[in-house]
There are 2 protein chains.
Amino acid sequence: MRDKNNKNNKISLSKVAEAAGVSKMTASRVLRGEGGYSEKTKVKVMQKVDQLGYLPNRLATVFAGDQSSTFVGVSIPDLGNEVFAQVLEGIDRKLGSFGHQTVLGLTQHTPQEEENWIRTVLSWQPAGLILTGRFHSPRGTEMLRNSGIPIVEIWDLNSSPLDMSVGINHFDSGFDMGRYLVGCGYKSIGYVGTSHDTANAATTRLAGFCKAVEGGGGNITKQLCLHDTATYYPGFYGTEQLLASNAQVECIFFQNDAMAFGGLQYCTSRGLEIPCDIGIAGWGDLPIASVMKKRMTSMHVPHLKLGRTAAEMMIARLSGEPIENCRDIGFSLIPGSTVLNQNVGNSAADDVP
Amino acid sequence: MRDKNNKNNKISLSKVAEAAGVSKMTASRVLRGEGGYSEKTKVKVMQKVDQLGYLPNRLATVFAGDQSSTFVGVSIPDLGNEVFAQVLEGIDRKLGSFGHQTVLGLTQHTPQEEENWIRTVLSWQPAGLILTGRFHSPRGTEMLRNSGIPIVEIWDLNSSPLDMSVGINHFDSGFDMGRYLVGCGYKSIGYVGTSHDTANAATTRLAGFCKAVEGGGGNITKQLCLHDTATYYPGFYGTEQLLASNAQVECIFFQNDAMAFGGLQYCTSRGLEIPCDIGIAGWGDLPIASVMKKRMTSMHVPHLKLGRTAAEMMIARLSGEPIENCRDIGFSLIPGSTVLNQNVGNSAADDVP
DNA sequence: AAGATATAAGTTACCGGTAACGTAAAAGCG
DNA sequence: CGCTTTTACGTTACCGGTAACTTATATCTT
């Protein structure tokens with residue numbers, strides 16, 4: 001009267017076949033529309049399928065052999081970040097339209113969590129995996145290598161991916177932002193972000209940013225890496241901390257737009273005029289920007305498209321179509337109006353007034 | 001040299017056993033730590049497991065019988081809405097910590113999509129399902145009923161759930177907001193939201209809202225249901241449409257905070273002062289509110305906790321613990337400062353100046 | 001009408017694990 | 001020392017489908 005019965009109560013193909021007075025194999029053929037049965041038999045079987053409410057057991061099908069499952073494992077750092085939520089949405093919609101199912105893994109930016117998740121999800125014989133980031137633990141990498149299934153690494157573009165990669169060059173995007181801000185005439189620039197255990201995209205962006213700023217004659221006067229999530233409120237209090245320090249800061253670059261909005265609100269609440277008193281630059285171009293009067297200076301990345309593309313690459317690979325294994329999805333700088341371009345009309349970037 | 005080989009190349013338990021010079025069954029016992037083997041044998045087997053990089057095939061285990069899978073299917077309308085992203089995060093984190101995996105389904109608010117997803121996900125023999133919303137297609141409901149697995153319906157509180165339910169009473173939350181706004185002295189109130197094929201939570205909220213407003217002597221002068229997503233920009237242009245109509249509107253209630261922010265920005269851009277010229281009320285209390293100087297009048301719902309609770313109920317049920325099958329997670333009105341309370345100090349709600 | 005061919009089935013074996021049962025050797029015991 | 005009990009395995013069967021093969025009947029040839 002417990003689990004056992006549950007099992008027994010389940011309608012299997014054999015029961016349908018028995019009820020219809022045919023063999024299991026004939027019922028299987030009807031359900032797969034494979035042919036080799038009469039119209040009369042088909043009707044008999046389908047009637048019983050409806051009547052008994054038969055639901056196939058895909059586990060058995062996949063397990064039986066040749067067919068691989070329709071699962072695709074997707075690892076995402078976290079969903080608190082709107083950006084990743086959109087990437088996931090793009091992935092799942094596209095995968096779903098091709099009959100695949102997303103098995104989610106929130107890996108919290110740690111390779112250990114990711115490794116555990118990889119081990120678990122591989123045990124379910126997925127058709128493929130989509131992973132965020134290019135860095136994996138050694139054991140994780142080994143399992144991925146040995147899995148023999150398609151793997152798409154997203155977010156960070158990886159010129160020598162395990163298998164396939166789609167994303168952007170975060171170093172370059174940071175560099176471009178740095179060059180832009182220096183080009184606007186800023187000399188003393190601050191940074192507010194969060195810290196992570198491992199090298200990640202934000203760190204790479206910061207590296208590119210620093211290189212551009214310092215190479216352009218500017219200075220990163222203060223760099224704050226909070227032990228917190230990269231959301232609105234940490235942006236708010238991080239800015240408070242930054243401005244409370246003695247460091248001279250004419251402009252702040254934030255890890256992402258959410259933090260930048262937090263920073264913007266802090267500045268406004270302290271009576272600072274943006275961009276006259278201080279410049280603010282974010283990264284990621286959140287949807288909320290679409291309604292803000294003062295457009296945030298930011299870096300636009302096509303998140304949904306990134307997710308869709310990752311799913312498309314996966315599907316192409318699964319269906320054996322030839323596919324380039326590295327795709328740059330691109331980014332574009334949004335000048336916005338939260339920084340002041342002190343050199344409007346000038347093309348030279350390092351022209352000091 | 002194709003798929004077949006892939007299969008052949010996979011390390012199965014038999015291969016490990018063969019390599020270690022023991023039977024399949026002994027290897028199985030070692031891996032499950034079930035006992036009944038010598039220390040020497042254990043070492044031999046584990047060595048080969050490491051050496052060959054054996055990964056168990058959970059499909060086979062589940063398929064084999066007694067054990068149910070560790071999958072939990074989770075359907076979410078969409079992730080463009082930050083609120084649902086947070087709910088999902090809460091669910092997956094909690095499920096993950098108990099060794100369960102989330103199989104995602106984005107059902108786009110349509111019962112048909114949900115039905116298709118239910119059919120597919122059930123074929124994978126999940127341990128349980130978590131569904132957003134209380135309304136399902138007839139066939140979907142039937143499949144759920146027959147599945148015999150734990151089911152948690154979230155978001156909408158369902159006093160007679162299929163199995164379990166956790167969420168809030170959306171009618172009441174709309175009612176409370178309506179009563180509050182009328183209590184503030186507003187008489188002519190507008191609404192901006194989006195339309196859906198089926199009755200959903202937002203519609204229920206609106207119903208409660210209307211009842212409170214009309215019952216309190218106020219009027220819904222204009223009600224806009226856009227055929228669009230419930231995000232920032234539709235809130236912006238929806239407000240434009242609303243204000244362009246001849247309807248008299250002193251205050252606008254929005255389907256959610258994202259739309260309310262869009263509306264707020266539209267009003268500000270047109271030189272309207274909030275809340276002096278027009279009141280704005282949202283729903284959901286987005287994280288961005290934490291940094292806005294002018295706190296949005298809204299309804300707070302503990303999203304992460306909602307997700308966590310749903311997962312906890314699922315896990316409790318799966319482990320056979322007794323559990324109440326209906327949990328009200330509650331909401332709380334955030335007065336904010338985007339509406340003007342014209343009766344500060346008064347307790348009577350329908351006091352007209 | 002006899003043989004060749006097509007059609008509509010049924011039979012068997014297998015996927016990778018595990019439960020249930022069987023068995024030989026080692027250990028315990030009076 | 002011979003008996004029972006325990007330990008450490010091995011064997012067999014099965015989960016729910018499907019591939020590959022076999023068989024029985026219907027249809028087509030000339």
Side-chain angles (χ1 to χ4, degrees), chain A residues 2-46 48-49 52-70 122-125, chain B residues 2-46 48-49 52-70 122-125:
Chain A
R2 307 204 78 83
D3 304 343
K4 288 281 163 125
N5 257 21
N6 211 349
K7 192 100 207 163
N8 294 345
N9 289 343
K10 271 207 177 146
I11 308 299
S12 68
L13 188 59
S14 322
K15 292 198 181 151
V16 171
E18 196 184 359
V22 298
S23 75
K24 213 166 72 156
M25 202 56 221
T26 300
S28 171
R29 278 192 271 254
V30 170
L31 276 160
R32 281 174 301 141
E34 190 209 36
Y37 48 84
S38 68
E39 191 59 26
K40 223 171 58 183
T41 306
K42 178 184 164 182
V43 171
K44 265 197 306 190
V45 171
M46 291 313 279
K48 290 297 170 189
V49 164
L52 299 173
Y54 168 70
L55 283 179
N57 181 342
R58 301 274 275 112
L59 244 49
T61 310
V62 173
F63 172 62
D66 299 345
Q67 258 171 284
S68 80
S69 85
T70 51
L122 280 180
S123 75
W124 292 110
Q125 318 297 113
Chain B
R2 308 204 78 81
D3 305 343
K4 289 281 165 129
N5 257 21
N6 211 348
K7 190 102 208 160
N8 294 344
N9 288 342
K10 271 208 178 145
I11 309 299
S12 69
L13 187 60
S14 321
K15 291 197 183 153
V16 172
E18 196 183 0
V22 297
S23 75
K24 216 167 68 157
M25 201 56 220
T26 300
S28 171
R29 279 192 270 254
V30 169
L31 277 160
R32 283 175 299 140
E34 188 209 36
Y37 48 83
S38 68
E39 190 59 27
K40 224 170 58 184
T41 306
K42 177 184 165 183
V43 171
K44 263 197 306 190
V45 171
M46 291 313 281
K48 290 297 170 189
V49 164
L52 300 172
Y54 168 70
L55 284 179
N57 182 342
R58 301 273 276 114
L59 244 49
T61 310
V62 173
F63 172 61
D66 300 344
Q67 259 171 284
S68 80
S69 85
T70 52
L122 280 180
S123 75
W124 292 110
Q125 319 297 111

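Every chain is numbered from 1, with letters handed out A, B, ... down the list of sequences. Owing to the predicted nature of the structure, the values given are computational and were not obtained by experimental measurement.
Not a single donor-acceptor pair under 3.5 Å links the side chain of B:Lys48 to the backbone N or O of B:Tyr54.
Contacts of residues 18-25 of chain A with DNA chain C (heavy atom under 4.0 Å): A:Val22, A:Ser23, A:Met25. Listed by residue number, B:Ser28, B:Arg32 are the residues of residues 26-42 of chain B with a heavy-atom contact under 4.0 Å to DNA chain C.
The shortest non-hydrogen separation linking B:Leu13 to B:Lys24 is CD2-O, 3.8 Å. Across all non-hydrogen atoms, the minimal contact from A:Ile11 to A:Leu52 is CG1-O, 3.5 Å. What you find for B:Ser69 and B:Gln125 is that their closest heavy atoms are OG-O, 2.8 Å.
Put simply, CZ on A:Arg58 is 17 Å from C1' on D:dC15, counting in whole angstrom units. Across the protein-nucleic acid pair, B:Leu13 atom CG and C:dG16 atom P stand 10 Å apart, rounded to whole Å. Atom pair A:Ile11:CD1 and D:dC15:P shows a separation of 15 Å (rounding to whole Å applied). Atom CG of A:Leu59 and atom C1' of D:dC14 are 15 Å apart (whole Å). Between the P atom of D:dG16 and the NZ atom of A:Lys10 lies a distance of 9 Å, rounded to the nearest Å. In this structure, CG of A:Asn57 is placed 18 Å from P of D:dC14, rounded to the nearest angstrom.
Put simply, B:Tyr54 has no side-chain N or O that comes within less than 4.0 Å of OP1 or OP2 on C:dG16.
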Listed pairs, N/O of protein and of nucleotides 25-28 of chain C, under 3.5 Å:
none

Residues 26-38 of chain A side chain polar contacts: donor-acceptor under 3.5 Å, at least two apart:
residue	atom	partner	partner atom	Å
A:Thr26	OG1	A:Ser23	OG	3.2
A:Ser28	OG	A:Arg32	NE	3.2
A:Ser28	OG	A:Arg32	NH2	3.0
A:Arg32	NE	A:Ser28	O	3.3
A:Ser38	OG	A:Thr41	N	3.2
A:Ser38	OG	A:Thr41	OG1	2.8

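Partners of B:Thr70 under the side-chain contact (heavy atoms from CB on, under 4.5 Å) rule, at least two apart in sequence or in another chain, are A:Trp124, B:Arg58, B:His100, B:Gln101. Partners of B:Leu55 under the side-chain contact (heavy atoms from CB on, under 4.5 Å) rule, at least two apart in sequence or in another chain, are A:Arg119, A:Leu122, A:Met143.
Overall, the helix from C:dA1-D:dT30 to C:dG30-D:dC1 carries an axis bend of 40° between its ends, with five pairs at each end and the value rounded to 10°.
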